[in-house]
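In what follows, chains are A, B, ... by sequence order, proteins preceding strands, each numbered from 1. These values consider heavy atoms only, across backbone and side chains, with no hydrogens, waters or symmetry-generated copies. What you see is a predicted model, and the numbers here were worked out from it, not measured in a lab.
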Amino acid sequence: MQRTDTANPAWFHKVVDCQWACPAHTPVPEYIRLIAQGRYDDAYMINWASNVFPGVLGRTCDRPCEPACRRGRVEENNGAHPEPVAICRLKRVAADMKGAVKSRMPAVAAKNGKRVACVGAGPASLTVARDLAPLGYDVTVFDGEARAGGFIRSQIPRFRLPESVIDEETGYILDLGVTFKSGQRIDSMKALLAENYDAVFVGCGAPRGRDLDVPGRKEAAANIHIGIDWLASVSFGHITSIGKRVIVLGGGNTAMDCCRSSKRLGGADVKVIVRSGFEEMKASPWEKEDAMHEGIPIINYHVPKTFVHENGKLTGMTFEIVRAEYDAKGRRSLVPTGEPDAFFPCDDVLVAVGQENAFPWIERDCGIEFDQWGLPKLGAETHQSTVAKVFFGGDAAFGPKNIITAVAHGHEAAVSIDRFLHGEDVRQRPAPMTNLVSQKMGIHEWSYDNDTSNDARFKVPWAKAEMALASIKVEVELGFDAATAFKEAERCLNCDVQTVFTESACIECDACVDICPTDCLTITKNGDETDLRTRLTAPSRHLEQGLYVSGELKTGRIMAKDEDVCLHCGLCAERCPTGAWDMQKFRLDTTKAGSACRNGAQVKVREEVAA
Amino acid sequence: MTWITKPKLHHPTLTKNKVGYTRRDYEGRISTLCAGCGHDSISAAIIQACWELDIQPHRVAKLSGIGCSSKTPDYFLGASHGFNTVHGRMPSVLTGANLANRDLLYLGVSGDGDSASIGLGQFANAMRRGVRMAYIVENNGVYGLTKGQFSATADRGSKSKKGVVNSDSPVDLVGLALQLGATYVARSFSGDKEQLVPLIKGAMEHGGAAFIDVISPCVTFNNHAGSTKSYDYVREHNDAVSRIDFITSRDEITTSYAPGELVEVPQHDGTTLRLRKLHQEYDPTDRLAAMTYMHKQQARGEIVTGLLYVDPLATDLHTALNTSEHALNSFNAAQLCPGSKALEKINAALR
Ligand SMILES: Cc1cc2nc3c(=O)[nH]c(=O)nc-3n(C[C@H](O)[C@H](O)[C@H](O)COP(=O)(O)OP(=O)(O)OC[C@H]3O[C@@H](n4cnc5c(N)ncnc54)[C@H](O)[C@@H]3O)c2cc1C
Ligand SMILES: Cc1ncc(C[n+]2csc(CCOP(=O)(O)OP(=O)(O)O)c2C)c(N)n1
Ligand code: SF4
Ligand code: SF4
Ligand code: SF4
Ligand SMILES: [Mg+2]
């Protein structure tokens, strides 16, 4: 193999599995260390800079970082049930335990004379506003609702996310001199464009819930509700009760919020009924667990057939029972088992079978082109539409995803807008800012805690079930206390503290190979990657994990490190007599809108490492 | 010295051997030796060898003298028996232990100072008596622990770190072992585990006195230009006569060899040592030839490594002394006390 090019920022970035997986590339291990040190304000601000809503996300994030976390792989076959670091809930610790951070929010520069309009006040638009307002842009955010937050406010039930957290974190942004025009739905893109904004950002989300057109739908309509509309009505207090027996249709996160909300509004017998198998449901595993924990059964492989009613009064539903069959290519189809249809009596049905984009207010002849799925045609990284000054982000851009993706889009769109309004090519993307610093303090002293914790993941305490189910406003999860947060933070392996190798110093004494607790290192003759991976000290299990390969050593062999399960314990560096291995902290911050993202600030086309 | 303990977490694919242990179970405490010390690599090779041999850790006794090398038994086989003797006295303590309990596997770990300087007489007598053990000398040519004075194995003409030239001629432990009747004699290098691990395995399974001289660079005091025991020097002058594979009866033989290339040496316990000769003419079962070859190469400044000599029909001290077949601690009162009749008989003989 070629000597690994560690100058490519993507190389070390990829080793920090969590940061790599986070759409906004939050420097996770950095904030986890700060939490362990009790520096909650600093931990919060690191999050705030990257993901804008630490308090919200610390409770609700889809957390793609956790399945990626190295700790989960490292704990395999090591006793306890393998679990990643509780990255998301540690974020909440930073938010819950911080002091006043208002004074640390960015200063707002003098107005630069450019006006930017944001449609919708969801996380995508608010991120654009957060990034552009301090630079002096005159940002106006429009939303049809009375208060900012988008789906964060209207959809996510209060028992998962208290309103005070939303107020606080949307407040930090609106206080940066952003003009918020609440209760003002934009009805016409043409009219908006006529107002001569220098740029327009569309962050209007994916607001339409899919319906289920089976017999009885029209007749029994009074007791059949579209999930996201119903959740919004619950959020805004228009709906405060539901029938005793409730069926929730669908297997995604909306379904989970619907069923748990029903439980709190009078539903005694609430079930989730889903077409697919339990494993294939779209909801995150922990959301399914939470629902089942509250006594809500999930019935799978039932395809809705009819709404049964008596003179328009809903009495139940029938379902066809199916099983999954896979063809040679692994494609699934649901085939009837032949069993008689199942009937479930009920008083109300919540339909949570998906969400769609809809842009009724964007005239199709205004220049913005849409694709065959009704989504705007955009540059994948630039978020720019076919009208140069109009950008899209969040659920409105590429279909419904989640908050952290909306935030990441917001940052990218802000970069595009900033470059666009400085007359620069938006397709040229700024390289991230990186920094690599040795952590050596003494012969065996490091500036990070390199002693690996053996603890299994700690559970976040919950409110008592009776209390939690009594009101929709009681938050279920209580968050870690400081002592548990410290112990959970200690589980983090500090993957950003990189093992950096200098081949010219290596005397091939094998000390690092011998000491490595997880057998990451091998000194052997070179070969191509497939061959090399068969000759490592320990079998290589994850091909997507990098092989860090040195140039030729004195004996003509090479040093190879399988990054897969490195504990970042630093023992290789401690046992190396010549300092050929060193532990160096890699910091990567994505470049945000502002002078750093513009030409002259060494703008490179972002490089990606091939898996 | 490293302050943290080695993390318990291990590679997810780490497997257990036949007796239910992973390789990591054969580790000891974390080493306090200098980073990069060759001795640590030898510890790692011992760990690997014991794991591969499916040895029950509590069936091993590891004994050593004094020195950095002699400290290493603390860093491997944490669940085995151990004894740190006074300087140079490991062989006699081991001999005693072996006589008392022949059921254990004996591992003697020593340094060149411990065995060739202060303990030369002890070393020589253990070899000539044929005490069944794997005797490993971690040879760095200096007294590492006392800050790098030349030891008795330092080559004439080699230079100390400060530039002093050694004028004494070296004790050649391998030559002595051959001459004194050791039945398994090998030399290796701490930086070549592929060679060292099978050699240790062969020694541990050997039926008599097995000796391995392992060149093990002292990075702190003897790894400079002018040293003949540095990583670079040994790599440049390594003349390996053989590679051994240690084959248990269940292993399948897959590789084919050219005629004359292979020597198979059946061991007393049914296993086979398979030697892949790197020199056509080298015969590892001929003691005299081995000694001659060694001396020739030594004169040319080459370091001969590999299994140099093995006697497949080796016997040991217990055979020679016709001792009881079992460990003394396995005898019951009746066996230990022959009764008053026997006592009377003995007393009568002494009157
Ligand atoms: C029930 C449910 C639960 C969810 N739970 C989670 C979760 O736990 N974690 C997670 O990460 N994600 C969750 N999501 C997804 C997440 O809420 C969205 O992906 C995210 O909010 C999208 O952000 P956005 O900025 O693109 O738009 P949105 O948050 O949808 O905000 C769009 C805003 O635009 C306004 N708007 C729309 N059209 C106009 C117009 N023409 N003029 C003015 N204003 C307009 C809307 O009123 C709305 O306020 C959930 C979604 C649902 C439906
Ligand atoms: C009776 C006695 N004499 C001298 C010493 C001092 N001493 C301690 S270690 C050592 C030499 C050890 O050399 P070696 O066996 O080669 O071990 P190394 O440290 O090189 O591995 C000496 C002379 C001692 N401990 N005891
Ligand atoms: S162990 Fe820590 S740094 Fe490594 S992936 Fe997990 S959270 Fe990130
Ligand atoms: S830091 Fe070094 S010794 Fe520790 S696990 Fe990683 S490669 Fe192995
Ligand atoms: S002094 Fe030499 S022999 Fe002793 S531990 Fe250090 S390197 Fe090893
Ligand atoms: Mg020595």
Straight-line distance of B:I4 CD1 to A:D449 CG, nearest 0.5 Å: 8.5 Å

Residues of residues 520-528 of chain A with any heavy atom under 4.5 Å of a heavy atom in chain B: none

B:K159, NZ atom: more than 12 neighbouring heavy atoms under 6.0 Å: no

Spacing of B:D232 atom CG and A:I507 atom CD1 [to the nearest 0.5 Å]: 8.0 Å

CZ on A:R541 to OG1 on B:T13, rounded to 0.5 Å: 7.0 Å

Whether A:N77 side chain and B:H11 backbone form a donor-acceptor pair below 3.5 Å: no

Which of A:R73, A:E76, A:E75 touches chain B most, by non-hydrogen pairs under 4.5 Å: A:E76

Distance, nearest 0.5 Å, that separates OG of B:S43 from CG of A:D514: 8.5 Å

Choice from A:P517, A:P82, A:C516 maximising heavy atom contacts with chain B below 4.5 Å: A:P517

From B:K8 atom NZ to A:N454 atom CG, the distance as rounded to the nearest 0.5 Å: 5.0 Å

Nearest-0.5 Å distance, CG of residue A:N450 to CH2 of residue B:W3: 10.5 Å

Residue among A:C512, A:A538, A:G570, A:P539 with most heavy-atom pairs under 4.5 Å to chain B: A:P539

Residue B:L14 versus chain A: region with a heavy atom under 4.5 Å: side chain

A:C509 versus B:G36, closest heavy-atom pair with distance: SG-CA, 3.6 Å

Polar side-chain atom of A:T518 near backbone of B:L9 as donor-acceptor pair, under 3.5 Å: no

Steps toward side-chain contact (heavy atoms from CB on, under 4.5 Å) verdict (B:R235, A:E508): CA-CA 10 Å; B:R235 286 204 171 101; A:E508 301 173 61; 3.5 Å; yes

